[in-house]
There are 2 protein chains.
Amino acid sequence: MSKEIHQRLKEIIAATAPGERLLAEPKLAEQLGVSRATLREAMRIFETRGFLRRRQGVGTFVVRPTQVIESGLEVLESIETLSDRIGLSVAMGDCQLVDCVADEVIAEKLGVEQGSKTLRISRVILADERPAAFLVDTLRPDVLAPEEVGTNFKGSVLDVLLKRGDPPLKHSRTEINAFAADSDVARALDIQRGDSVLHFESLLYTIEDEPIDYSLSYFLPGYFKFHVVRRVG
Amino acid sequence: MSKEIHQRLKEIIAATAPGERLLAEPKLAEQLGVSRATLREAMRIFETRGFLRRRQGVGTFVVRPTQVIESGLEVLESIETLSDRIGLSVAMGDCQLVDCVADEVIAEKLGVEQGSKTLRISRVILADERPAAFLVDTLRPDVLAPEEVGTNFKGSVLDVLLKRGDPPLKHSRTEINAFAADSDVARALDIQRGDSVLHFESLLYTIEDEPIDYSLSYFLPGYFKFHVVRRVG
DNA sequence: CAGTGGTCTAGACCACACG
DNA sequence: GTGTGGTCTAGACCACTGA
């Protein structure tokens, strides 16, 4: 049943001009002859592919094709630098700076004592006025003070560090995974719990191989296109 | 509500020995004081993190911690070679060889005429007797004949080509994304529709930069750990 | 066969956006 | 206030597994 609805939805989306609203869920469900739950289940696939966008209290819209931010993973670049280079404009949404105490995981990653102070920077990146990425950096406090972030912060910790030039940075090690959004990520990216996002877990090292920034990134599929060239043997 | 259930589920899972079964969904839902739908929604997160495994007609089990297959993405290696090197055993599940006609996408990717013949190899990779990856390769027919795949095929097209040594291969370009499983992928990996998987879309090139293999890979989170080193600037 | 997860239904209430 | 999507409920039937 749901597979059939998937197909019919596909046709409906194709027949709807980008930016236009779909029928309200109860009406659409009735028209398709299924329950709202089934309809929503079928819609989920299209949401996470970036074809539909739901907005509570407003409606469900067919997404305007947006320019994707494409990048190779061999070089570490901030999303801001990247989009500048491509000629795309992104903005920063919610940004929070919080002093945190290192839990076990953080302590091990950053090589600091458990319970020591760290700086956590969370923010949302908007592309096309829509949340497209959610970034959480946790930094050693001796590396960056909150004041340095304050004004003119565009969303990239990397760019701040690079601009300052100290400490000199070498590379990051990034683990890549898929991830079902939990409540926090879902709220930040304005999606539903359980929707899939691309997840990077990354450690940034100085040229002396000291880890200084542990960062978690969550990317909405459809807005980014990361690639890597893999050589044979 | 569901966030609270999430927390309680976490405790229940932690208190259950790996390999053990949870209570049946209706009972567990009643015990937690929520509907079955809500319980299932909360479970979804744990499934896609690899902590729970559902089996229709049998029950829901706490997953035994399995060794993850970890690999850098800079070098192209088959899962089989990889797991051999790590000392892990994987097996091939369902394998299908099908002659296909190139649609528009395939034709463009492989640089062949639309409508020309291609060979499609689909198979499932089992780790710990559980589907962990679903791979679909589409090859130019002049590159590989079905007979060459037939016997002794362990699941890796790459290994077959490398062993033969002709044509010589250079690299692959791989795009990385998250992906909500559609019915086909869900069935192959024995998960629910909509669950998130890691998705690679990859083109394999010869040393003469001819594309010969277009491959789609779907990885169950929790069984693989892919990483990449990104150098600064 | 009985018991499990997979799917679907019809209805309800809520939080939210917008006029 | 009205209409939207977000969430939850109680119940039903199905397909599948294993004894």
Side-chain angles (χ1 to χ4, degrees), chain A residues 1-6 8-9 16 20-48 51-63 129-131 180-195, chain B residues 1-6 8-9 16 20-48 51-63 129-131 180-195:
Chain A
M1 174 104 264
S2 152
K3 190 159 189 175
E4 182 190 326
I5 296 302
H6 179 88
R8 305 229 355 226
L9 248 187
T16 306
E20 288 301 298
R21 220 194 68 191
L22 296 185
L23 281 182
E25 290 185 359
K27 289 180 186 172
L28 191 51
E30 189 192 351
Q31 183 177 312
L32 293 173
V34 295
S35 74
R36 216 182 129 201
T38 303
L39 171 62
R40 284 175 62 81
E41 177 62 32
M43 282 178 147
R44 167 168 244 149
I45 305 283
F46 292 102
E47 288 179 71
T48 67
F51 296 121
L52 287 183
R53 161 105 195 263
R54 290 170 144 142
R55 289 203 286 161
Q56 186 170 2
V58 187
T60 301
F61 298 83
V62 175
V63 168
E129 298 182 359
R130 197 224 188 289
D182 54 32
S183 328
D184 294 334
V185 172
R187 192 175 333 107
L189 289 178
D190 194 13
I191 57 179
Q192 286 183 263
R193 252 184 305 119
D195 284 358
Chain B
M1 174 104 265
S2 152
K3 189 158 189 176
E4 183 190 324
I5 296 301
H6 180 88
R8 307 240 341 236
L9 248 187
T16 306
E20 288 301 298
R21 220 195 69 192
L22 296 184
L23 281 181
E25 291 185 358
K27 290 181 186 172
L28 191 51
E30 189 192 352
Q31 182 178 313
L32 293 173
V34 295
S35 73
R36 216 182 128 201
T38 303
L39 171 62
R40 284 175 63 81
E41 178 61 33
M43 281 178 147
R44 168 168 242 148
I45 305 285
F46 292 102
E47 287 178 72
T48 67
F51 295 120
L52 288 182
R53 161 106 196 261
R54 289 170 145 139
R55 290 202 288 159
Q56 186 171 1
V58 187
T60 301
F61 298 82
V62 175
V63 168
E129 299 182 358
R130 196 226 187 289
D182 55 32
S183 330
D184 294 334
V185 172
R187 191 175 335 105
L189 290 177
D190 194 13
I191 57 179
Q192 286 183 264
R193 252 184 306 118
D195 283 357

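Just so we're clear, the structure is a prediction, and the values are computed from it rather than from any experiment. Each chain gets a letter, A, B and so on, in the order the sequences are listed, and its residues count up from 1.
- Residues from residues 33-48 of chain B placing a heavy atom under 4.0 Å of any atom in DNA chain D, listed by number, are B:G33, B:V34, B:S35, B:R36, B:A37, B:T38.
- Here the CZ-CD distance, from B:R54 to B:E25, works out to 5.0 Å after rounding to the nearest 0.5 Å.
- Note that the CG atom of A:L32 and the CZ atom of A:R8 stand 5.0 Å from one another [nearest 0.5 Å].
- Note: A:E20 CD to A:L22 CG = 9.5 Å, rounded to the nearest 0.5 Å.
- A side-chain donor-acceptor contact under 3.5 Å links A:R130 to the backbone of A:L189.
- Applying the salt bridge (Lys or Arg N to Asp or Glu O under 4.0 Å) rule to A:R53 yields the partners A:D190; only residues at least two apart in sequence or on another chain are considered.
- Within 4.0 Å (heavy atoms only), B:R193 reaches sugar-phosphate atoms of the nucleic acid but no base atom.
- Atoms CD and CG, from A:E30 and A:L39 in turn, are 12.0 Å apart once rounded to the nearest 0.5 Å.
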Using a cut-off of under 3.5 Å, enumerate the N/O to N/O pairs linking the protein to nucleotides 14-19 of chain C.
residue: C:dA15; atom: N3; partner: A:Q56; partner atom: NE2; Å: 3.1

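- With sequence neighbours left out, the ring-ring contact (aromatic ring centres under 6.0 Å, His included) criterion links A:F46 to A:H6.
- In this structure, A:R53 reaches neither bases nor backbone, as no heavy-atom distance under 4.0 Å exists between it and the strands shown.
- Between the CG atom of B:D182 and the CZ atom of B:R187 there is a distance of 9.0 Å, given to the nearest 0.5 Å.
- On the nucleic acid side, DNA chain D contacts chain A at distances under 4.0 Å to non-hydrogen atoms, with the end points of that region at D:dG3 to D:dC8.
- Taking CD from B:E47 and CD1 from B:I45, the interatomic distance works out to 9.5 Å, rounded to the nearest 0.5 Å.
- Every residue two or more places apart in sequence or in another chain that forms a salt bridge (Lys or Arg N to Asp or Glu O under 4.0 Å) with A:K3 is listed here: B:D184.
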